K.L.:
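The structure is given below, and queries will be raised subsequently.
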2 protein chains.
Amino acid sequence: MSQLPTLRQLQFIIALAEHGSFSRAAEAVFVTQPTLSAAIKELEAILGTVLVERGARGAVLTPAGEAVLERARRVMTEAEDLVIAAQAAGEPLSGPFKLGVIPTIAPFLLPRVLPALRERFPDIELFLREDLTDRLFDALRERRIDAALIALPYDAPMIETHAVWADEFLFAAPPDHALARKKTLAPSDLSEEPLLLLEDGHCLRDHALAACATGSARSDFAATSLHTLVHMVKSGLGATLLPRMAVDAGLVDRMGLEVRPFDPPVVGREIGVAWRKGSARSDEAIQLGDAIRDILQTAPSGGS
Amino acid sequence: MSQLPTLRQLQFIIALAEHGSFSRAAEAVFVTQPTLSAAIKELEAILGTVLVERGARGAVLTPAGEAVLERARRVMTEAEDLVIAAQAAGEPLSGPFKLGVIPTIAPFLLPRVLPALRERFPDIELFLREDLTDRLFDALRERRIDAALIALPYDAPMIETHAVWADEFLFAAPPDHALARKKTLAPSDLSEEPLLLLEDGHCLRDHALAACATGSARSDFAATSLHTLVHMVKSGLGATLLPRMAVDAGLVDRMGLEVRPFDPPVVGREIGVAWRKGSARSDEAIQLGDAIRDILQTAPSGGS
DNA sequence: CATGGGTATAGATATTACCTATGACTTCTC
DNA sequence: GAGAAGTCATAGGTAATATCTATACCCATG
């Protein structure tokens, strides 16, 4: 087998491509220009190909160099991932961990589980980011976050998920609403009732519509958060579906709204943890999800 | 950023995992046991994790070690691919090149194009492998071959393709066959005619059936090669569709069979070159396909 | 408890990675 | 155009490290 290049050499040619000059690239990787020069030369010898065109105004990659560059980048990130995965495997859920959470979960879940999480994983530094599902998926793919709490089902390429807990939907309406007289509801009761929902982009909107297969949304109004949503319901703009987790967290306390569960089988959404396929921290993501499930089960809600 | 391991170290831990013992692994990578021992120790220091359980009867990877192993393998093959891609980019279509070809193309195409290919790419060493499409795809995915000539459309995960030329289907039957009286045929003429085809697994069978949307295959007989197929047609067992390339190559010469083209738009299959997605030699595969197309166009068939 | 299979340690040596100093060559500037 | 200011390449010395040999150690097993 022909000799392999060094990761160092790959790092060097990446820097060279990025800075377009031996001297500046050398500076960027903290070596002198002759060192980098020699390293690139040896890399070319190993590969048997000229990778760089040296000119008086800097260096430009040859087509072969571009091909190598692309693969070198891959090798480097894989190697970095290996380090992260190893550290994570050795001491799971320690160090910085960037977790994305969708806006219809974050404000209700986090206060409830963060203290216990910190207790269970004292070495973790959780960085939280609240955003819509699609943007969290982008962040996962671009490695800006390590994992995300989202609502399933949701299917996206390059993303894997692990179910954590089922979040039941509850019907909420003003007291004088026709359906508020019933103790429990069936999804079919909503066929004639245009629902007031969150604005487009919130997965809760889609999941709520899916829950009452025949239902529809009010097209004239939409809320930007669950808090504004309940206020809009209160002012008589319509009825809605709320996740139990938000209700348990006190979302409708002292609002004077009527809240009704659905007949079994209850409708709702599944909350799960998601990570980029192949992520170095997928095991930790699963562990974190399981820990949250545990915490939710042992410490029931402090709601009304 | 924390320090990266060396490719050498990754190679070492892969060998260690494969041999289960420092001494034997060291032998396998041509270093002494203390060298490998020290290297693994340093790798563990870099990753901050114990990767190997040292026992009196050898070494076993810890769970963290297993996680590292898997990624180390990936990094190593990516690095090897980089070398291959660089060499290929520097001097395309030179050195050993393993090409798979399906059985309904190989015997008719290769004699026609191999001499010209050798002339055009004098430094290439073509290793040919004749097999069914599915097995060629497996071989591509497992890196046992670099590219394959197959019939499209065919869709398989991890495989990319590039069209090379269109191979028209011709109708072939014994002289006394009812349809042999027509000068040209429409695909619909075959609705009532159960065709004699190759046995299952040959893509030509599926593509021929697809060509005459309403047609069907004889279920009692099937041929194992185009040569036996024409003999079976000759003995009156039925009619069939043959690729023009095979006819041009003399498949039915002196067989006394009637061969008819279809009305435009002609039916047929597309021949293309396929490679594993991300393969180091995809550019060469495309170049090879284009070269074959060229050769076929400039040097028309020597058939009847 | 000696033996044999295994790994770790110590010390010497060969390799190589890197630095400093300098040279050769372009391109821009006046 | 001559000089200045870039560029990359080369040479030679030094420090770091990769590797080897030799040996110590550890533990199962007969």
Side-chain angles (χ1 to χ4, degrees), chain A residues 1-62 64-66 68-69 72 76 79, chain B residues 1-62 64-65 68-69 72 76 79 83:
Chain A
M1 188 176 69
S2 63
Q3 200 188 337
L4 282 182
T6 305
L7 284 184
R8 200 100 221 274
Q9 290 162 345
L10 299 186
Q11 182 195 348
F12 283 0
I13 197 160
I14 290 172
L16 180 53
E18 275 168 1
H19 293 91
S21 133
F22 279 70
S23 9
R24 277 198 299 284
E27 211 174 331
V29 294
F30 305 109
V31 296
T32 57
Q33 169 265 315
T35 297
L36 190 136
S37 207
I40 297 292
K41 200 172 166 190
E42 189 186 342
L43 178 60
E44 291 181 319
I46 291 173
L47 301 180
T49 313
V50 177
L51 304 175
V52 182
E53 274 193 40
R54 284 94 164 153
R57 273 211 325 271
V60 193
L61 292 196
T62 62
E66 293 287 351
V68 166
L69 172 65
M76 287 299 289
Chain B
M1 188 177 67
S2 64
Q3 200 190 337
L4 283 182
T6 305
L7 285 183
R8 200 101 220 275
Q9 290 163 344
L10 300 187
Q11 181 195 348
F12 283 0
I13 197 160
I14 291 172
L16 180 54
E18 275 168 2
H19 293 90
S21 133
F22 279 71
S23 8
R24 277 197 300 285
E27 212 174 330
V29 294
F30 305 108
V31 297
T32 57
Q33 170 265 315
T35 297
L36 189 136
S37 209
I40 296 292
K41 200 172 165 190
E42 191 187 340
L43 178 60
E44 291 180 320
I46 291 173
L47 300 180
T49 313
V50 177
L51 305 175
V52 182
E53 275 192 40
R54 284 91 163 157
R57 274 204 325 276
V60 194
L61 291 197
T62 62
V68 166
L69 172 65
M76 287 299 289
V83 176

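Here is the naming used below: chain letters follow the sequence lines, and residue numbers restart at 1 for every chain. FYI, side chains are in, hydrogens and waters are out, and symmetry mates aren't considered; it's all heavy atoms of this structure. Everything numeric here is computed off the predicted structure, so don't read it as measured data.
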K.L.:
Mind calculating the distance between CD (Q9(A)) and C1' (dT16(C)) to the nearest angstrom?
P.N.:
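It works out to 11 Å between those atoms.
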K.L.:
Near DNA chain C, under 4.0 Å by heavy atom, which residues of residues 23-39 of chain A?
P.N.:
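Heavy-atom contacts with DNA chain C come from F30(A), V31(A), T32(A), P34(A), T35(A).
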K.L.:
Any residue in residues 14-22 of chain A with a heavy atom nearer than 4.0 angstrom to DNA chain C? Just list them by number, or reply none.
P.N.:
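Output list: empty, so none.
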K.L.:
Indicate whether OP1 or OP2 belonging to dT10(D) is found under 4.0 Å from a side-chain N or O atom of K41(A).
P.N.:
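For K41(A), the contact criterion (side-chain N or O under 4.0 Å from OP1 or OP2 of dT10(D)) is met.
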K.L.:
Whole angstrom is fine here: how far is it from CD in Q11(A) over to C1' in dA17(C)?
P.N.:
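Nearest whole value for this atom pair: 14 Å.
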K.L.:
Measure CZ/R8(B) against P/dT16(C) and give the value in whole Å, please.
P.N.:
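After rounding, the gap between these two atoms is 10 Å.
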K.L.:
For the residue pair L7(B) and M76(B), what are the closest heavy atoms and their distance?
P.N.:
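For L7(B) versus M76(B), the nearest heavy atoms are O-SD, 3.8 Å.
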K.L.:
E42(B) has an atom CD; how far is it from atom P of dA8(C), in whole Å?
P.N.:
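Computing the E42(B):CD to dA8(C):P distance gives 14 Å.
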K.L.:
To the nearest angstrom, how far is L7(A) atom CG from dA17(C) atom P?
P.N.:
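Between P of dA17(C) and CG of L7(A): 13 Å.
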K.L.:
Return all side-chain donor-acceptor pairs below 3.5 angstrom for residues 45-54 of chain B, not counting sequence neighbours, or 'none' if the list is empty.
P.N.:
from	atom 1	to	atom 2	distance (Å)
T49(B)	OG1	A86(A)	O	3.2
T49(B)	OG1	L47(B)	O	3.1
R54(B)	NH1	E44(B)	OE1	3.1
R54(B)	NH1	E44(B)	OE2	3.0
R54(B)	NH1	V52(B)	O	3.2
R54(B)	NH2	E44(B)	OE1	3.0

K.L.:
For nucleotides 23-30 of chain C, give me one character per nucleotide, 5' to 3': B if any protein heavy atom sits under 4.0 Å from the base, S if the only such contacts are to the sugar-phosphate, - if neither.
P.N.:
---SSS--
K.L.:
Measuring from atom CG of L16(A) to atom CD1 of I40(A), what distance do you get when rounded to the nearest 0.5 angstrom?
P.N.:
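Answer rounded to 0.5 Å: 5.0 Å.
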K.L.:
Return the value, rounded to whole Å, for the distance between atom CG of L43(B) and atom P of dT17(D).
P.N.:
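Spelled out: CG on L43(B) to P on dT17(D) is 16 Å.
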K.L.:
Quick one: are F12(B) and L43(B) in side-chain contact, heavy atoms under 4.5 Å?
P.N.:
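Side chain of F12(B) against side chain of L43(B), heavy atoms only: no contact under 4.5 Å found.
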K.L.:
By salt bridge (Lys or Arg N to Asp or Glu O under 4.0 Å), which residues pair with E42(A), not counting sequence neighbours?
P.N.:
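Expected list: none.
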K.L.:
Considering non-hydrogen atoms only, spot the tightest contact between V29(A) and Q11(A) and give its length.
P.N.:
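Closest pair (atom of V29(A), atom of Q11(A), distance): CG1-NE2, 3.8 Å.
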K.L.:
Nearest whole Å is fine: how far is dG6(C) C1' from E53(B) CD?
P.N.:
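E53(B) atom CD is separated from dG6(C) atom C1' by 15 Å.
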K.L.:
Applying side chain to side chain donor-acceptor pair (under 3.5 Å), which residue pairs with at least one partner in residues 21-30 of chain B are found, sequence neighbours left out?
P.N.:
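Checked against side chain to side chain donor-acceptor pair (under 3.5 Å) - neighbours excluded - the pairs reaching residues 21-30 of chain B are S21(B)-S23(B).
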K.L.:
With rounding to the nearest 0.5 angstrom, report the CG to CG distance, L4(A) to L10(A).
P.N.:
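Separation between the atoms: 9.5 Å.
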K.L.:
Can you see if the side chain of R54(A) gets near the phosphate of dA9(D) - specifically, an N or O under 4.0 Å from OP1 or OP2?
P.N.:
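It does, given that an N or O in the side chain of R54(A) lies less than 4.0 Å from OP1 or OP2 of dA9(D).
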K.L.:
Please find the pair of heavy atoms, one from L36(B) and one from F22(B), that lie closest to each other, and give the distance.
P.N.:
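Here L36(B) and F22(B) meet closest at CD2-CD2, 3.5 Å.
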K.L.:
Which pair of non-hydrogen atoms, one from P5(A) and one from V83(B), has the smallest distance, and what is that distance?
P.N.:
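Distance-wise, the nearest heavy atoms are CD-CG2, 3.5 Å.
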K.L.:
In whole angstrom, what separates E44(A)'s CD from dC8(D)'s P?
P.N.:
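Result: 13 Å.
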